[in-house]
Amino acid sequence: KLSEYSPRRPLSGDDGNQDLVSGLSAVRTGKTENQIGFSILENKEDAKIFWVLMLETLTLSVINVGLSMIETKECKVIESELTAWKRSFEPNLTQLLRLRSTLERCRRLCENYADNVLKLYQLRVEKLGRRLGVKEEAIKLFCEGDIRGNIVFQISKLVSFLLKHTRECAGLSPWDAIVTGNATGRLVSVDCLDDVTNAQDEEVILLAKKAWGDEVIPKGVTGIILGHQLPHLSHLGVRARQDGVVFAACDDEENLRKLE
């Protein structure tokens, strides 16, 4: 239980790291991501523990990325901001909006890494892979494997999780732009994204109630509207980025029904 973790204990040094791991285990045990936010944030003391744990985890992850020589200056700035915010964080509107700006900065760091990997390797991998007779599926997964194998991917998941909760606490729009751009086509509503497996004869925009995150986007799909949140660097998110497919997510059923 979260009550077993004392907020008066330090989060630095050996004792602090042990507390951090214990606290995170308590947060994760027996709860889904959606359940975590509502059950913890109802109690003021537990909410404080929750935010301290999450911000400390994100700070340590960003430090790790900086030590990997990935945008070191940007990592230092993000680390400085997170360190300042977590000293006396209270989930009021002003501090939530301030935190969201730093979370968006973290997300841009992750997306820049993904874009650089795709820019540097995708064409080279396709040319070399086809000359060596490598299967197309393996060629497409090469860059994605590099992205998902890096801690940047875990930061992307944590940032998406925190943005969702800051959005709910602050009463902001439920829409999240995973891949920005413009798309045109006939709107097609489906229960699950993997129900659509064949290439489309015309340009379509898929309105899907759910997706597992590992689907392959069929040819002819120019845009995807998903009925729940998804990490930006998930398999599906990276595929959409590679193929230039506009991708938006919304976890509010009322907004989605207006589009059907």
Side-chain angles (χ1 to χ4, degrees), residues 58 61-62 64-78 102-163 175-185 193-194 196-197 199-200 203-206 208 211-226 228-249:
L58 184 57
S61 301
V62 171
N64 189 301
V65 172
L67 292 174
S68 302
M69 304 305 293
I70 299 172
E71 295 198 38
T72 53
K73 291 183 179 180
E74 182 67 7
C75 288
K76 282 289 186 182
V77 173
I78 294 173
T102 302
L103 294 174
E104 292 286 358
R105 194 165 191 164
C106 288
R107 172 169 280 176
R108 287 194 295 272
L109 173 69
C110 298
E111 292 178 345
N112 287 343
Y113 175 80
D115 288 339
N116 287 335
V117 169
L118 296 175
K119 182 179 179 180
L120 286 171
Y121 298 123
Q122 187 172 3
L123 292 178
R124 293 181 175 90
V125 168
E126 289 177 357
K127 291 179 181 178
L128 182 60
R130 286 167 185 153
R131 289 180 181 178
L132 295 175
V134 179
K135 293 182 179 180
E136 282 293 323
E137 185 67 18
I139 293 173
K140 290 182 178 180
L141 288 175
F142 182 87
C143 289
E144 182 186 334
D146 182 276
I147 295 169
R148 292 169 65 89
N150 193 287
I151 192 173
V152 166
F153 173 64
Q154 302 302 330
I155 292 178
S156 173
K157 292 173 65 177
L158 180 57
V159 166
S160 294
F161 174 68
L162 290 176
L163 282 171
W175 286 97
D176 181 24
I178 298 176
V179 179
T180 59
N182 298 312
T184 58
L193 193 58
D194 61 9
V196 183
T197 56
Q200 303 297 303
E203 291 185 340
V204 299
I205 298 174
L206 295 179
W212 303 111
D214 59 355
E215 293 86 351
V216 176
I217 302 173
K219 291 183 178 179
V221 175
T222 60
I224 298 173
I225 302 172
L226 187 60
H228 58 81
Q229 299 299 320
L230 195 73
H232 282 218
L233 297 187
S234 63
H235 174 94
L236 186 58
V238 173
R239 281 289 175 86
R241 188 175 295 275
Q242 285 178 303
D243 298 340
V245 176
V246 178
F247 195 176

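All residue numbers refer to positions in the sequence shown, counting from 1.
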Would you give me the side-chain donor-acceptor pairs under 3.5 Å for residues 139-155, sequence neighbours excluded?
unit_1 : atom_1 : unit_2 : atom_2 : d
Glu144 : OE1    : His235 : ND1    : 3.0
Glu144 : OE2    : His235 : ND1    : 2.4
Asp146 : OD1    : Tyr113 : OH     : 2.9
Asn150 : OD1    : Val152 : N      : 2.9
Asn150 : ND2    : Tyr113 : OH     : 3.3

Result block: side-chain N/O donor-acceptor pairs under 3.5 angstrom for residues 121-131, not counting sequence neighbours:
unit_1 : atom_1 : unit_2 : atom_2 : d
Arg124 : NH1    : Leu120 : O      : 2.3
Arg130 : NE     : Glu136 : OE2    : 2.9
Arg130 : NH2    : Glu136 : OE1    : 3.3

Those residues that, when tested against [X], pass side chain to side chain donor-acceptor pair (under 3.5 Å) (two or more places apart):
X      : answer
Ser160 : Arg107
Thr222 : none
Trp212 : Asp194

- Kindly indicate, with the supporting measurements, whether the criterion side-chain contact (heavy atoms from CB on, under 4.5 Å) is fulfilled by Phe161 and Leu103. CA-CA 10 Å; Phe161 174 68; Leu103 294 174; over 6 Å; no
Residue pair [X] / [Y]: nearest heavy atoms and the distance that separates them:
X      : Y      : answer
Ser156 : His232 : OG-N, 3.8 Å
Val62  : Cys106 : CG2-SG, 4.3 Å
Gly66  : Cys75  : N-SG, 3.6 Å

So how far is it from [X] [atom1] to [Y] [atom2], rounded to the nearest 0.5 Å?
X      : Y      : atom1 : atom2 : result
Thr180 : Phe247 : OG1   : CZ    : 13.0 Å
Thr102 : Leu58  : OG1   : CG    : 9.0 Å
Ile205 : Thr184 : CD1   : OG1   : 6.5 Å
Lys219 : Asp243 : NZ    : CG    : 9.5 Å
Leu230 : Leu233 : CG    : CG    : 10.0 Å
Asp176 : Gln229 : CG    : CD    : 5.0 Å

- Query: Among all residues two or more places apart in sequence or in another chain, which pass the salt bridge (Lys or Arg N to Asp or Glu O under 4.0 Å) test with Glu111?
  - Reply: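 Salt bridge (Lys or Arg N to Asp or Glu O under 4.0 Å) check on Glu111 returns Arg241.
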With sequence neighbours excluded, what pairs up with [X] under the side-chain contact (heavy atoms from CB on, under 4.5 Å) test?
X     : value
Ser68 : Asn64, Ile70
Val77 : Glu81, Arg105
Glu71 : Glu74, Leu109, Asn112

- Does some side-chain heavy atom of Val245 sit less than 4.5 Å from a side-chain heavy atom of Arg239?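 No, too far: nothing below the 4.5 Å cut-off.
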